[in-house]
Amino acid sequence: MVHQTLCPYCGVGCGLEASPPAVAGKATNRDKDGNPIWKIMGDKSHPSSLGKVCVKGATVSESLDKNRLKTPMMRESLDEPFRQVTWDEALQRIVGKIKTTRLVQGPHAICMYGSGQFQTEDYYVAQKLLKGCLRTNNFDANSRLCMSSAVSGYMQSLGSDGPPCCYDDLELTDCAFLIGTNTAECHPIIFNRLRVYHKKNKEVKLIVVDPRKTQTAEAADLHLAIKPGTDIDLMNGIAHLLQKWGLIDSVFIDEQTMGFAEYVQVIQAYPPELVARNCGISVEDLELAARWWGESKRVLSLWSMGLNQFAEGTAKNRTLINLHLMTGNIGKPGAGPFSLTGQPNAMGGREAGGLAHILPGYRLVKNEQHRREVEQLWGLSPGSIHPQPGLSAWEMIQGLEQDRVGVLWIAATNPAVSMPDLERTKAALLRSPFTIYQDAYYPTETAQYAHVLLPAAQWSEKTGTMTNSERRVTLCPAFRPAPGLARADWEIFAEVGRRLGFEKQFDFADSEAVRNEFIQLTANRPCEQRGITYERLRNEGPLQWPCTEGGEPQARMYTDLRFNTPDGLARFAAFHSRGLAEPPDGEYPFVLTVGRLYGHWHTLTRTGRIDKIQKMHPEAVIEVHPYDAEKLGITEGMMVQVRSRRGWCRFLAKITKNITKGTVFAPMHWGAMWGDRTEANMLTHPEACPSSGQPELKACAVQLIPAPPEPSSANSEVVGLASQSASNPQLCH
Ligand SMILES: Nc1nc2c(c(=O)[nH]1)N[C@H]1C(S)=C(S)[C@@H](COP(=O)(O)OP(=O)(O)OC[C@H]3O[C@@H](n4cnc5c(=O)[nH]c(N)nc54)[C@H](O)[C@@H]3O)O[C@H]1N2
Ligand SMILES: Nc1nc2c(c(=O)[nH]1)N[C@H]1C(S)=C(S)[C@@H](COP(=O)(O)OP(=O)(O)OC[C@H]3O[C@@H](n4cnc5c(=O)[nH]c(N)nc54)[C@H](O)[C@@H]3O)O[C@H]1N2
Ligand code: SF4
Ligand SMILES: [Mo]
């Protein structure tokens, strides 16, 4: 039997068809360890991907059986080995710890750090447990490191979160403006669709703004290789020219927006010569970009981490939305600001309230009416939900540093690799009095900091829903058994809730019951999805929200040009450029930018275990411009030590003109388990956007030293822990 589901990797959300490994009369396909491999194909009937898949989706089944965490494990302190325990023992310990922590330190000493790799049902039950029953808003997710600047940008400019466009817009636009996104490698199926259309339609313009000449930039008609952190200069410079040339939509501005006059004041300060100099591009290229934007009837912008992961992340998002507002490029086919979601279900997380400042149904913690609505549906007394946002991801690290955290529960994310300033992150994790880590794999870098390990069922082993970048919800059914004693994340949260005395609140028969309850909280909200039930998803396939009960799914938001602000008007934002939080200087003269490679996924828990992908990207390499390399005496393939104010790493050098002078690029993927000092986040800093709390993971100041001698300051503490968990192989079968 063929099972239709969604790819569990990126936010493109491609439909997959999985068929069982054993086919009568044929030899079963097996991985190196002898595990049978499910066959994965693109699902032609999935409207988001039409049968296409990239190498990650195509090979995902090869990672499902390797190094799985199969039983709960526990230890009293981090220097002890783990021992296998029963679920009952593990849950008793967790519930006991939660109860005493609540009594002794109060509810805000309990934190959960979750993930855009949860299904919506996992997210929803976690919100109910933390924000409703435990009365703390200390639930945050790795989306804080990923999409939170887009969330706050949409909220502040358009009145609510939600990418307003759909993938069909890729084939309806006159001008695609890709900024801070390596779509070709990170959202490949979206990129392929755009590229095919662009190739066929010579008049369609493709602009790419990225300090690196990525595969995305190679396909562009115009590549603006700006200096890192100068996006606001560039976009204000484009706005300056559009205003000067009169290429603006005055009717739209007058009738549908507020704040234009202040914005015009700001953009006056961005004349082309100054902007070109600040960005490191030519005036001609700047003018060409502005001309193409201004003269196109339908402009579609796409972006991801090159805008979001900055201390001015929200300002960058809003500055981009400004360009859409001033030219009326929103609410119509082929046009609009379209953030590309990173993870498979970061969108579902936003809908279910999966960040410390939001509640299910695109509600805000700070809004009293919103809190009352949620409390009522959850059967809790008014006032149960705390009126202040909880701790964001980095604030949890600070909470650990200040001994304000009593219980830290981490699920479906690997912060010992993906958080900024890893030396500090790891030191904080070591201080945690009690860490629960719920993951599908073992070992991982974060497992070394846990007191309790809970085995999670992952994609293909649990049924739930996920929403992709174009707001399309797909039902992902379980079609393989979970290994050992692994359980779905939501079931674990619900069981803890029941054991804490909330039997009624967590009395879900199955994940369908969870979704049925969650969608009630989307009633008349921007992310309305009462019409997106399991039943309809089974019968009709993937559906986009907003979709009322029995109603038709809507492909686009804001087609009536009424925004989700109280007065229906969109808001211009007037931001000056502030540049990088840590600019290069004499001592640390290079900007390091950290990002992704086509084949690998994040911290390698899956793709690091797939031979084909390992062969594509065998090791961590740093990209250096030939001019800089020559000055420093760095040659191709040489080991380079990279130092920042916070730590050091080493990478093999790749000399390439694809990167702007003065900037170097390293991948985020190789954590301590996969390389020798190749953790790029040893170098990054936690300075974050004041509005979104998203850290500036895309840029920090570094120095490069060719082939240095081995320094003696290796982090022996952590190395000790690592070797210990690796020496317990029987526990990971
Ligand atoms: N292959 C692969 N695909 C993935 C993932 C993965 O791990 N691997 N992860 C998924 C996730 S969660 C996410 S969030 C997305 C991320 O998708 P992307 O954001 O496309 O990926 P990144 O490589 O992090 O960064 C994008 C680009 O930002 C550029 N950049 C750096 N600084 C600046 C700047 O100041 N201005 C501008 N304009 N650009 C800048 C970098 O050079 C880089 O090419 O990918 C998703 N897809
Ligand atoms: N410098 C720098 N740092 C970055 C970034 C960057 O661009 N630059 N990008 C940031 C971004 S955008 C992101 S999204 C993060 C990603 O960083 P992480 O979230 O740390 O990365 P993953 O490797 O995806 O971790 C997911 C974990 O969940 C587990 N897992 C998978 N499915 C399930 C499940 O169903 N249940 C449970 N319980 N576990 C499961 C996997 O085994 C894995 O250990 O990194 C951030 N860090
Ligand atoms: S583009 Fe993204 S969703 Fe599609 S197959 Fe590749 S990783 Fe999966
Ligand atoms: Mo992400």
Side-chain angles (χ1 to χ4, degrees), residues 6-16 40 42-43 46 48-49 52-60 115-117 141-148 150 178-193 208-217 224-235 279 302-310 312-313 316 320 339-344 346 413 418 466 468-469 474 579-580 591-604 606-607 613 616-617 623 658-660 663-669 694 696-699:
L6 190 77
C7 173
Y9 287 116
C10 87
V12 175
C14 297
L16 301 183
I40 301 290
D43 175 0
H46 197 290
S48 296
S49 53
K52 305 275 192 309
V53 278
C54 78
V55 69
K56 293 181 290 301
T59 55
V60 60
S115 161
Q117 290 165 70
N142 57 3
S143 291
R144 184 70 64 185
L145 313 179
C146 182
M147 298 311 292
S148 61
L178 276 55
I179 180 162
T181 166
N182 183 5
T183 327
E185 293 195 62
C186 297
H187 295 98
I189 300 310
I190 285 181
F191 186 73
N192 286 354
R193 192 158 165 186
V208 173
V209 185
D210 194 307
R212 300 162 55 216
K213 188 170 183 194
T214 56
Q215 291 178 28
T216 315
L224 300 174
I226 61 168
K227 288 186 202 152
T230 60
D231 302 80
I232 295 189
D233 296 87
L234 175 79
M235 292 186 281
C279 296
L302 304 174
W303 76 96
S304 36
M305 294 310 115
L307 287 199
N308 292 352
Q309 284 172 338
F310 281 93
E312 36 177 22
K316 283 190 182 193
L320 177 58
S339 58
L340 297 177
T341 316
Q343 298 176 90
T413 177
S418 53
M466 301 226 210
N468 72 7
S469 288
T474 302
L580 299 177
V591 178
L592 168 75
T593 185
V594 180
R596 293 162 169 77
L597 305 174
Y598 170 62
H600 273 313
W601 178 260
H602 293 167
T603 72
L604 306 186
R606 285 193 188 118
T607 55
I613 293 180
M616 283 172 83
H617 311 289
E623 293 182 4
N658 287 348
I659 187 134
T660 23
T663 303
V664 292
F665 171 82
M668 67 172 287
H669 303 294
Q694 180 157 358
E696 186 153 310
L697 287 162
K698 269 287 166 282

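We number each residue from 1, following the sequence as shown. In each ligand, atom 1 is the first atom listed, and ligand 1 is the first ligand listed. For the numbers below, each heavy atom of this structure counts, side chains included, while hydrogens, waters and symmetry mates do not.
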In terms of atom number and element, which parts of ligand 1 are under 4.0 angstrom from non-hydrogen atoms of [X]?
X      : answer
Pro211 : 30 (N), 32 (N), 33 (C), 37 (C), 39 (N), 40 (C)
Thr214 : 44 (O)
Ile179 : 38 (N)
Lys316 : 35 (O)
Asp210 : 27 (C), 28 (O), 29 (C), 41 (C), 42 (O), 43 (C), 44 (O)
Thr181 : 20 (O)

Look only at the side chain of [X] and the backbone of [Y], and say whether a donor-acceptor pair between them is shorter than 3.5 Å.
X      : Y      : result
Thr216 : Thr183 : yes
His46  : Leu6   : no
Thr593 : Lys698 : yes
Tyr598 : Val55  : yes

Could you tell me if the side chain of [Y] sits less than 4.5 Å from the side chain of [X], heavy atoms only?
X      : Y      : value
Met235 : Ile179 : yes
Val594 : Gln309 : no
Pro211 : Lys227 : no
Ser418 : Thr413 : yes
Thr341 : Met147 : yes
Arg606 : His600 : no
Asn182 : Arg212 : yes

Could an N or O of ligand 1 be found under 3.5 Å from any N or O of [X], whether backbone or side chain?
X      : value
Phe310 : no
Ser304 : yes
Trp601 : no
Leu597 : yes
Met305 : yes
Lys227 : no
Val209 : yes
Thr230 : no
Gly180 : yes
Arg212 : yes

Exercise. Could you establish whether Gly13 and ligand 3 come within less than 4.0 Å of each other, counting only heavy atoms on the residue side?
Key: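 True for this residue.
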What do you reckon, does [X] put a non-hydrogen atom under 4.0 Å from ligand 1?
X      : answer
Gly229 : yes
Asn142 : no
Glu623 : no
His669 : yes

If you round to the nearest 0.5 Å, how far is [atom2] of [Y] from [atom1] of [X]?
X      : Y      : atom1 : atom2 : result
Cys10  : Glu185 : SG    : CD    : 12.5 Å
Lys56  : Trp601 : NZ    : CH2   : 8.0 Å
Leu145 : Ser115 : CG    : OG    : 10.0 Å

Considering only protein heavy atoms, which is closest to [atom], and at what distance to one decimal place?
atom                    : value
atom 9 (N) of ligand 1  : Arg596 NE, 2.9 Å
atom 4 (Fe) of ligand 3 : Cys14 SG, 2.3 Å
atom 36 (N) of ligand 1 : Asp231 OD1, 2.9 Å
atom 5 (S) of ligand 3  : Cys54 N, 3.4 Å
atom 2 (Fe) of ligand 3 : Cys10 SG, 2.3 Å
atom 1 (S) of ligand 3  : Ile189 CG1, 3.5 Å

Quiz item: For residues Glu623 and Asn658, is any side-chain donor paired with an opposing acceptor at under 3.5 Å?
Solution: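 No pair is found: no donor N or O on one side chain lies under 3.5 Å from an acceptor on the other.
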Practice problem: Please report the C-alpha distance between Ser304 and His187 in whole Å, then the side-chain angles of each, then the deciding distance to 0.1 Å, and finally whether the side-chain hydrogen bond (donor to acceptor under 3.5 Å, both in side chains) criterion is met. | Solution: CA-CA 10 Å; Ser304 36; His187 295 98; 4.5 Å; no
Quiz item: Which residue from Gln343, Lys698, His600 reaches closest to atom 2 (C) of ligand 1 through any of its heavy atoms?
Solution: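 The option holding the nearest heavy atom is His600.
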Exercise. Ignoring hydrogens, just give me the one of Ala217, Gly342, Gly599, Pro344 whose non-hydrogen atom is nearest atom 11 (C) of ligand 1.
Key: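 Checking each option, the heavy atom nearest atom 11 (C) of ligand 1 is found in Gly342.
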Self-check item: Contacting atoms of ligand 3, where contact means under 4.0 angstrom from a heavy atom of Tyr9
Solution: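 The list of qualifying atoms is 7 (S).
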Quiz prompt | Distance filter under 4.0 Å to Pro188 heavy atoms, resulting ligand 3 atoms | solution =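 Once the distances to Pro188 are compared, the set is 1 (S).
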Exercise. Check Gly57 against Tyr9 and note the closest heavy-atom contact, atom names and distance.
Key: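 Nearest heavy atoms, Gly57 then Tyr9: N-CD1, 4.0 Å.
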Quiz item: Measuring to atom 6 (Fe) of ligand 3, does Cys7 have an N/O/S atom at a distance below 2.8 Å?
Solution: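 Here the distance criterion (N, O or S atom, under 2.8 Å) is not met by Cys7, so no.
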Quiz prompt | Per-residue contact class, Met147 against ligand 1 - non-hydrogen pairs under 4.0 Å | solution =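 No part of Met147 comes within reach of ligand 1.
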Quiz item: When Cys279 is tested against each of Asp231, Ile232, Leu234, Leu224 for side-chain contact (heavy atoms from CB on, under 4.5 Å), which residue passes?
Solution: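 Single pass found, and it is Leu234.
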